[in-house]
2 protein chains.
Amino acid sequence: MLKSAREVFMDYLRERDMNLTPQRALIVEAFLAEEGHFTSEQLYIKARKADPSIGQATVYRTLKLLVDSGLAETFDIGEGVALYEHGYGHAHHDHLICTKCGRKVEIVDEVIERRQEDLAEEQGFTLTRHRMLLFGTCPQCLEGKES
Amino acid sequence: MLKSAREVFMDYLRERDMNLTPQRALIVEAFLAEEGHFTSEQLYIKARKADPSIGQATVYRTLKLLVDSGLAETFDIGEGVALYEHGYGHAHHDHLICTKCGRKVEIVDEVIERRQEDLAEEQGFTLTRHRMLLFGTCPQCLEGKES
DNA sequence: TTAATTGCAAATCGTTTGCTGAAAG
DNA sequence: CTTTCAGCAAACGATTTGCAATTAA
């Protein structure tokens, strides 16, 4: 049985003699409750609802811990802000992004995943992670534009 | 026959009543002479060799024109700086990046390209561009580490 | 002479960091 | 007591922008 996300984080903290402070606990809960992709700012706003005295730096620092512990993944779609999402106990997926409305659809494809491994191997690389972003126009925005 | 990169840029400027100033010409030449990936800063340093009075803002502004005209492509590998590379008359490719030494290998794969199109279509999206980054450890860095 | 363009410096903006006091073991 | 943390504000670093002076058509 897989460890729960909270266990993973606790173990991570314990290993490096760090504490689960109320602030960290609160930010992690806000993080776990979050769906989809979000920015540090968005998590900050959410965390502040639970405790208005939370500082933005603490959110940044905790997000770094979450990424480092494997609970979160971060990526950049070139908009000047880092995006975060769950990364533990979630099947890997890539993103299809509408450049008109910003909608992001998660996609998975076995064929691509396998080819990526093969390509890396052909070059003698050991693959640790990858990021695939497909940019286009979503059905809704296409409709609006065609008229 | 395909238009040359310089022609593309000239046409682009003409269409919007912009001029090919000495600074722009110089930056474009530096850009065209560049191989592989580079940052705005790197292009700035190179351009300054041809004309030390060039301003960094002009390089940023011209790079934007280059991207907009289709001559350049830009992407972000999450290091806080935008990377640029040629995007006209060059077959599309993706990147395999060594997270130890930063080496970047260009890769192309028909199978993946096709699947990407299919995936987008399945969701009703019209694909305009995509970005695939594979992160791992290159053969050289693997050797060093194994010992 | 009129609009486009430059270089400079100041402004932005997301993110990081130094510092001081508070809290945890 | 000793170390870890939080919050704040200042620092940062890449990129953008306002502006006055310069250049191109």
Side-chain angles (χ1 to χ4, degrees), chain A residues 9-31 37-69 72-84 102, chain B residues 9-31 37-69 72-84 102:
Chain A
F9 193 61
M10 288 303 289
D11 290 351
Y12 173 85
L13 292 178
R14 200 152 24 220
E15 272 168 32
R16 36 210 95 199
D17 295 306
M18 298 174 88
N19 309 315
L20 181 67
T21 63
Q23 291 91 334
R24 281 179 187 157
L26 177 169
I27 292 167
V28 170
E29 290 310 319
F31 163 74
H37 328 86
F38 55 90
T39 63
S40 176
E41 171 92 25
Q42 290 172 320
L43 187 61
Y44 168 57
I45 290 170
K46 204 168 164 188
R48 209 167 36 176
K49 284 179 185 158
D51 175 358
S53 73
I54 280 273
Q56 216 167 350
T58 304
V59 174
Y60 274 108
R61 287 193 270 236
T62 305
L63 268 172
K64 192 164 284 181
L65 299 180
L66 285 167
V67 170
D68 204 46
S69 68
E73 286 194 15
T74 178
F75 60 104
D76 201 312
I77 63 171
E79 291 182 337
V81 244
L83 292 183
Y84 297 85
Chain B
F9 194 61
M10 287 303 289
D11 290 351
Y12 173 84
L13 292 179
R14 200 151 24 222
E15 273 169 30
R16 38 210 94 199
D17 294 307
M18 297 175 90
N19 310 314
L20 181 67
T21 63
Q23 290 91 334
R24 280 179 187 158
L26 179 166
I27 293 167
V28 170
E29 289 311 317
F31 163 73
H37 328 88
F38 54 90
T39 63
S40 176
E41 171 91 24
Q42 290 172 320
L43 187 60
Y44 167 57
I45 289 170
K46 205 168 163 187
R48 211 167 34 176
K49 284 180 186 158
D51 175 358
S53 72
I54 279 273
Q56 215 166 351
T58 303
V59 174
Y60 275 108
R61 286 191 273 235
T62 306
L63 269 171
K64 192 164 285 183
L65 299 180
L66 285 167
V67 170
D68 204 46
S69 69
E73 286 193 16
T74 179
F75 59 105
D76 200 313
I77 64 171
E79 289 181 341
V81 245
L83 292 183
Y84 297 84

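Side chains included, hydrogens not; waters and symmetry mates left out as well; all remaining heavy atoms used.
- By the side-chain contact (heavy atoms from CB on, under 4.5 Å) test, A:T74 pairs with A:V67, A:A82, A:Y84, sequence neighbours left out.
- Using a 4.0 Å cutoff on non-hydrogen atoms, the parts of residues 75-83 of chain B near DNA chain D are B:G80, B:V81, B:A82, ordered by number.
- Here C:dT6 presents its P atom at 11 Å from CG of B:L26, a figure rounded to the nearest Å.
- Spacing between atom CD of B:Q56 and atom P of C:dC8 amounts to 10 Å, rounded to whole angstrom units.
- The side chain of B:R24 places no N or O atom within less than 4.0 Å of a non-bridging phosphate oxygen (OP1 or OP2) of C:dA4.
- Judged as a side-chain contact (heavy atoms from CB on, under 4.5 Å), and not counting sequence neighbours, the contacts of A:F75 are A:H37, A:I77, A:L83, A:E85, A:H95, A:R131, A:L133.
- For the helix from C:dT1-D:dA25 to C:dG25-D:dC1, the axis fitted to the five pairs at one end and the axis fitted to the five pairs at the other end meet at an angle of 20° (nearest 10 degrees).
- Identified under the salt bridge (charged side-chain N to carboxylate O under 4.0 Å, His left out) test for residues 49-67 of chain B, with sequence neighbours left out: none.
- A heavy atom lying under 4.0 Å from DNA chain D marks none of the residues of residues 39-53 of chain B.
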Restricting both atoms to N or O, compile the protein contacts to nucleotides 19-25 of chain C shorter than 3.5 Å, with distance only.
none

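- For DNA chain D, the span of nucleotides reached by chain A at under 4.0 Å from its heavy atoms goes, 5' to 3', from D:dT4 to D:dC8.
- Taking B:Y60 as the reference, nothing meets the side chain to side chain donor-acceptor pair (under 3.5 Å) condition, with sequence neighbours excluded.
- With sequence neighbours excluded, the residues satisfying side-chain contact (heavy atoms from CB on, under 4.5 Å) with A:S69 are A:F9, A:Y12, A:L71.
- Positionally, the nearest nucleotide of DNA chain D for B:Y60 lies more toward the 5' end than for the other of B:L20 and B:Y60.
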Let me have the donor-acceptor pairs involving side chains of residues 22-31 of chain A, under 3.5 Å, with sequence neighbours excluded, atom names and distances please.
residue, atom, partner, partner atom, Å
A:R24, NH1, A:N19, O, 2.8
A:E29, OE1, A:R6, NE, 3.4
A:E29, OE1, A:R6, NH2, 2.8
A:E29, OE2, A:R6, NE, 2.9

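- Separation of atoms CD1 (B:I45) and OG1 (B:T39) is listed at 7.0 Å; rounding is to 0.5 Å.
- Within the structure, the salt bridge (charged side-chain N to carboxylate O under 4.0 Å, His left out) test picks out the following pairs touching residues 13-22 of chain B (sequence neighbours left out): B:D11-B:R14, B:R16-B:D68.
- A 4.5 Å side-chain heavy-atom check between B:R48 and B:Q56 finds every atom pair outside the cut-off.
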